[in-house]
Amino acid sequence: MEYVDAHKKAQEIFRDVLKDVSEHHLDLPTPCSEWTVRDVIDHVIRGNYRVSGETDVSFGEDPVGLKHAFSSSATLAHSVFSLEDGLNVTYTLPIGEVPGAIFIRLRTSDVFVHAWDLASAMSKSTDLDSDLAQLLLENAKNFLSESLRGEGRPFAMEKIAPEGSNDTDRLCAFLGRDIRIG
């Protein structure tokens, strides 16, 4: 799977999970420590806008406004990555400058894992897409060093996925999420 296709798929999966978010879900805690459902959605929207260089964006905080903002941001991010030089451009991120070929992998994982966070918070199925989860897990195993894990770092320590976990659960456990089966 090419990463432009993987990115599009991750955005579609997030959109599918987001469809089920209603007003009473917004303040629920998520497996992404210290973030509510609203915080996770906000983070994904802002990350998508960052692809185009837009960092000062505002949007509604109700489910309708958030869903609209996500849709716009996902379309924009995907269109930028899909440009002829979209994967060759250097992007300036809080972690430093990275080429588009790396940034798209980070965005794809971020969007997909946060779709899992939303599904988990709402007690929905976390079996989101086995092929995409396997691709992202392989990438994470090659990219994620121990120096990026732990308190105050971008990723928590790896957790063990319980027996019976699906591929998306295994990816999220590798990235530090607590997995609960059943």
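From a predicted model like this one, the values you see are computed outputs, not experimental measurements. Counting from 1, the numbers follow the sequence of the chain as shown.
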Inset, instruction - Would you indicate whether the side-chain heavy atoms of Leu135 and Thr108 approach each other to under 4.5 Å? - result: no

Legend entry - Of all pairs that satisfy salt bridge (charged side-chain N to carboxylate O under 4.0 Å, His left out), the ones with a partner from residues 66-86, not counting sequence neighbours: none

Inset, instruction - Given side-chain contact (heavy atoms from CB on, under 4.5 Å), test Leu83 with Val89 step by step and report yes or no. - result: CA-CA 10 Å; Leu83 293 171; Val89 173; over 6 Å; no

Legend entry - ring pair (Phe, Tyr, Trp, His ring centres under 6.0 Å) partners of Tyr91, counting only residues at least two apart: Phe81, Phe103

Legend entry - Sequence-distant partners of His25, ring pair (Phe, Tyr, Trp, His ring centres under 6.0 Å), two or more places apart: none

Inset, instruction - Indicate whether the side chain of Asp169 and that of Asn166 have a donor and an acceptor atom separated by less than 3.5 Å. - result: yes

Legend entry - Shared hydrophobic cluster, Ile160 / Trp116 (ILVMFWY, side-chain heavy atoms < 4.5 Å): no

Legend entry - Any Asp131 side-chain heavy atom under 4.5 Å of Lys9 side chain: no

Legend entry - Counterpart residues, ring pair (Phe, Tyr, Trp, His ring centres under 6.0 Å), relative to Phe112 (two or more places apart): none

Inset, instruction - Indicate whether the side chain of Thr36 and that of Asp39 have a donor and an acceptor atom separated by less than 3.5 Å. - result: yes

Inset, instruction - Provide the full list of salt bridge (charged side-chain N to carboxylate O under 4.0 Å, His left out) pairs with a residue in residues 26-35, sequence neighbours left out, each pair given once. - result: Asp27-Arg38

Legend entry - Side chains of Thr30 and Ser120 in contact at under 4.5 Å (non-hydrogen atoms): no

Inset, instruction - Consider only side-chain heavy atoms of I, L, V, M, F, W and Y, link residues closer than 4.5 Å, and tell whether Phe143 and Tyr3 are in one cluster. - result: yes

Legend entry - Side chains of Ser130 and Asp167, donor plus acceptor under 3.5 Å: yes

Inset, instruction - With sequence neighbours left out, write down each residue that passes salt bridge (Lys or Arg N to Asp or Glu O under 4.0 Å) with Arg15, or none if nothing qualifies. - result: none

